[in-house]
Amino acid sequence: MNQAEITEVRSLGDHVGKSVTILGWVESTRSHGKVGFVIVRDGTGLVQGVLLKAELPEDDWGLLESLTQECSVALTGEVRAEPRAPGGHEIGVTGLELLGASEDYPIQPKEHGVEFLLDHRHLWLRSSLQRAGLRVRHEVQQAIADFFYDRDFVRIDTPILTGSIGESAGTLFEADYFGEPAYLAQTGQLYVETACPAFRKVYCFGPTFRAEKSKTRRHLTEFWMLEPEVAFADSDDNMRLQEDLVCYLVERVLERSAKELEVLERDTADLEAIAAPFARISYTDAVTLLQEKGSEIEWGRDLGAPDEMLLTEQFDRPVFVHDYPKAVKAFYMKENPDDPRTVRCNDLLVREYGELIGGSQREDDLDRLLVRIREEKLPEDVYSWYLDLRRYGTFVHSGFGLGLERTVAWLTGRPHVREMIPYPRLMNRLAP
RNA sequence: UGGGGCGUAGCUCAACCGGCAGAGCGCCUGGCUGUUAACCAGGAGGUUGGUGGUUCGAACCCACCCGCCCCAGCCA
């Protein structure tokens, strides 16, 4: 195999009229007796190969029947522009080599059930909708890195194995750590906060784990979370950063993932309309509004999914709900000086998917934080290092967590987060 | 964990009131020089999720169990 003549499908436009070799996997074949068509995917695009019995060596023509779905091949021939071909180009095949056979490939270009597809996730990844969704995920990850790099944030990788607890016990995955209990991280937040005095603006971005027995289209037990943390930023600064980030992500995906959104049949009208500022409504005002719209919600209770849906329908873009009751939020959130029943926090809600972001200003007063830890009956000793942050130069700071899969599901319009991560971990799925 | 739905060929699904278990796709064989989920002809492929019960007779009715999906709770 002469590597010098191997060409990627995405650059075929530069090789029209020339002979090239394509390496890839067969998506489908159609044979008509003395002419055959083969669709090859090489990971950069699709190209159609045209095989004429009269123009192929006898041996190569015989190979046609062994070109089964997903076998790997080397295809050699002249490139032609052909608008009718998937990908816009076709190759008049003059040489054909079977690299790896593929017998009884399980996934057909037909409808399949969810369970079957998830059981074959390692093969399902090759399908067009899955490729499109995961490519958007990749774009969003890169956009996140670019956004924070451009703003002088330092990326801090927080531990996945921890001895201390993130938010609430009972939803932690436990592991054995040389005889001691260890837990898979639910959040990197407490750790990333500690890097603020070192770098001022920081973020962590990695997998997090929740042993929640939830079975909804918005939850995974292992998901990727972006968690920025900014020193000397209050809750309002925090919301402005979230707004800027979400606008940037939408812009990037519209600009660079247009092809993928088309494959996914995403109507992008609502994304194109998104611009700062987003609506901001206090929890208290939201409750009043929801009650007017017929919700049973009462002040003090957390917003349920139906409430969030109803609320987002009142706005034409993502909406911030801020200053929730202290009782329904985490211990580390800053008590609201104007109304001690509430904390300085916010959720960012979008239509159909609910909470994309949860954020807050952090409690920076040592005594008040201790009171909250005791109220929640949390083990004080494991938080000693977190409390040190308030002992040695405490400072106003805020941050938030953005769920990657939920964000990508929203951007692509796919209904379920399980398709937005290569290998979803769900309550009842640990394989493949 | 609660509410609702479902489980039949490799896959997606039919099967009327309880009466011979079927189709499409995929696969195999043959035909065809421009197909786009190609088409035409033929073929193979079944312990109807499991156990027990009712009945002359169960894919179908009943009980229990297993599995999956959707919604809710929890959250990102």
Side-chain angles (χ1 to χ4, degrees), chain A residues 27-39 46 48-56 61 64-65 68-70 80 82-87 90 92 102-120 123-124 128 166-168 170-171 186-189 205 207-227 242 301-309 324 328-330 346-350 353-360 399-410 415-418 420-421 426-429:
Chain A
E27 290 216 335
S28 65
T29 59
R30 290 179 292 278
S31 169
H32 299 261
K34 289 175 181 157
V35 63
F37 299 90
V38 55
I39 305 295
L46 295 179
Q48 170 167 277
V50 183
L51 293 81
L52 293 168
K53 189 172 186 181
E55 293 180 15
L56 268 177
W61 179 255
L64 184 58
E65 65 188 28
T68 53
Q69 199 185 353
E70 292 301 323
R80 298 190 288 260
E82 172 53 74
R84 287 175 301 176
E90 68 176 22
S102 169
E103 283 176 34
D104 302 320
Y105 187 74
I107 299 180
Q108 299 174 35
K110 300 281 176 186
E111 277 186 34
H112 291 289
V114 174
E115 189 180 13
F116 176 82
L117 289 170
L118 285 174
D119 283 343
H120 295 87
L123 302 175
W124 190 24
S128 62
E167 294 180 4
S168 59
T171 58
Q186 284 182 318
T187 168
Q189 182 204 314
F205 189 19
T208 49
F209 307 86
R210 307 263 168 107
E212 290 159 2
K213 290 185 177 174
S214 52
K215 292 171 76 172
T216 82
R217 62 189 183 86
R218 300 181 296 278
H219 288 85
L220 295 164
T221 55
E222 176 179 325
F223 68 100
W224 279 57
M225 187 155 62
L226 161 74
E227 296 177 278
Q242 294 168 42
R301 287 211 333 252
D302 204 356
L303 265 44
D307 288 320
E308 291 184 351
M309 298 298 158
Y324 281 73
V328 300
K329 289 292 176 182
N346 74 270
D347 285 354
L348 179 65
L349 307 179
V350 298
Y353 300 89
E355 190 179 341
L356 234 49
I357 290 177
S360 70
F400 61 89
L402 172 141
L404 178 64
E405 292 77 15
R406 227 180 253 183
T407 301
V408 177
W410 170 61
H416 205 300
V417 291
R418 67 186 162 214
M420 300 298 124
I421 186 167
L426 301 156
M427 188 182 150
N428 54 357
R429 179 166 295 278

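By convention in this document, chain letters (A, B, ...) are assigned in the order of the sequence lines, proteins followed by strands, and residues within each chain are numbered from 1.
One finds a side-chain N or O of A/R30 lying less than 4.0 angstrom from the OP1 or OP2 phosphate oxygen of B/A38. Within the 4.0 Å cut-off from OP1 or OP2 of B/A76, not a single side-chain nitrogen or oxygen of A/R218 is found. Applying the 4.0 Å criterion to OP1 and OP2 of B/G67, one finds that A/N428 has every side-chain N and O outside that range.
Residue contacts shown for A/F116 are limited to sugar-phosphate atoms, with no base heavy atom under 4.0 Å away. Using a 4.0 Å heavy-atom criterion, one finds that A/T407 contacts no nucleic acid atom at all. Using a 4.0 Å heavy-atom distance criterion, A/G36 is classed as making no nucleic acid contact. Contacts of A/H416 with the nucleic acid, taken as non-hydrogen atoms under 4.0 Å apart, involve only primed sugar atoms and P, OP1 or OP2. Heavy atoms of A/L220 sit under 4.0 angstrom from at least one base atom. Residue contacts for A/L226: at a heavy-atom cut-off of 4.0 Å it reaches no nucleic acid atom on any strand shown. Here A/P86 lies in heavy-atom contact (under 4.0 Å) with a base.
Rounded to whole Å, the P atom of B/A63 lies 14 Å from the corresponding atom of B/G4. Spacing between B/G53 and B/C60 at atom P, rounded to whole Å, works out to 14 Å. The separation of B/U47 from B/A59, taken at their P atoms, amounts to 13 Å, rounded to a whole angstrom. Going from the C1' atom of B/G22 to that of B/C69 covers 25 Å, rounded to whole Å. As rounded to the nearest Å, B/C64 and B/C27 have P atoms that lie 44 Å from one another. Remark: the separation of the P atoms in B/U8 and B/U48 is 11 Å, to the nearest Å. B/A41 and B/U51 are spaced 45 Å apart, taking the C1' atom of each and rounding to whole Å. Look at the C1' atom in both B/A23 and B/G45: the space between them is 14 Å, to the nearest Å.
Taking atom CG of residue A/L426 and atom P of nucleotide B/C69, one finds them 8 Å apart after rounding to whole Å. The separation between A/L118 atom CG and B/C68 atom P is 11 Å, rounded to whole Å. One interatomic measurement links the two molecules: CZ of A/R217 to C1' of B/C74, which rounds to 16 Å at whole-angstrom precision. Atom CD in A/E82 sits about 13 Å away from atom P in B/U36, given to the nearest Å. Computed from coordinates, the A/L303 CG to B/C74 P distance equals 10 Å when rounded to whole Å. Following rounding to the nearest Å, A/Q48 (CD) and B/U36 (P) show an atom-to-atom distance of 10 Å. In this structure, CG of A/D119 is placed 15 Å from P of B/G10, rounded to the nearest angstrom. Between A/M427 atom CE and B/C70 atom P there is a gap of 13 Å when expressed in whole angstrom units.
Every residue two or more places apart in sequence or in another chain that forms a side chain to side chain contact (heavy atoms under 4.5 Å, CB included) with A/L117 is listed here: A/I107, A/H112, A/W124.
The 5' end of RNA chain B is approached more closely, in terms of each residue's nearest nucleotide, by A/R429 than by the other of A/R429 and A/K215. Heavy-atom nearest nucleotides on RNA chain B were determined for A/G354 and for A/R418, and the one closer to the 5' end corresponds to A/R418.
With rounding to the nearest 0.5 Å, the separation of CD in A/E70 from CD in A/E27 is 6.0 Å. Taken from CD in A/Q69 to CD in A/E103, the straight-line distance is 13.5 Å, to the nearest 0.5 Å. Rounded to the nearest 0.5 Å, atoms CD (A/Q242) and CG (A/N346) are 4.0 Å apart. Put simply, CH2 on A/W410 and CE on A/M420 are 14.0 Å apart, with the number rounded to the nearest 0.5 Å. In this structure, OG1 in A/T221 is found 6.0 Å from CG in A/L426, a value given to the nearest 0.5 Å. In this structure, CG in A/L51 is found 5.5 Å from CG in A/L64, a value given to the nearest 0.5 Å.
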Item checked: Nucleotide pairing, RNA chain B (Watson-Crick or G-U, distances under 3.5 Å), in dot-bracket with [ ] and | -> (((((((..((((.....[..)))).(((((.......))))).....(((((..]....))))))))))))....
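B/C17 has its base syn relative to the sugar, with a glycosidic angle deviating from 0 by at most 90°.
Checked against B/G34, B/C74, B/U33, the side chain of A/L52 finds its nearest nucleotide in B/U33.
Stacking is not found between A/F37 and the pyrimidine-like six-membered ring of the B/G34 base under the 5.5 Å centre-distance and 30° plane-angle cut-offs.
A/H32 has its side chain out of reach of A/K53: every pair of non-hydrogen atoms, C-beta onward, lies at least 4.5 Å apart. Counting only heavy atoms from C-beta outward, the side chains of A/F223 and A/L404 never approach each other to under 4.5 Å. You'll find the side chain of A/Q186 stays beyond 4.5 Å of the side chain of A/T208, heavy atoms only. Residues A/D347 and A/K329 have side chains in contact (heavy-atom distance under 4.5 Å, counting atoms from C-beta outward).
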Check: Can you give one letter per nucleotide of nucleotides 23-32 of chain B, 5' to 3': B if a protein heavy atom sits under 4.0 Å from the base, S if only from the sugar-phosphate, - if neither?
Finding: --BS-----B
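At a cut-off of 3.5 angstrom, counting only N and O atoms as typed in the model, there is a donor on one side and an acceptor on the other between the side-chain of A/H219 and the base of B/C75. Below the 3.5 angstrom threshold, one finds a donor paired with an acceptor across the side chain of A/E90 and the base of B/G34. Between the side chain of A/R406 and the base of B/C75 there is at least one donor-acceptor pair of N/O atoms closer than 3.5 Å.
No donor-acceptor distance shorter than 3.5 angstrom exists from the side chain of A/S102 to the backbone of A/T68, with no hydrogens or angles considered.
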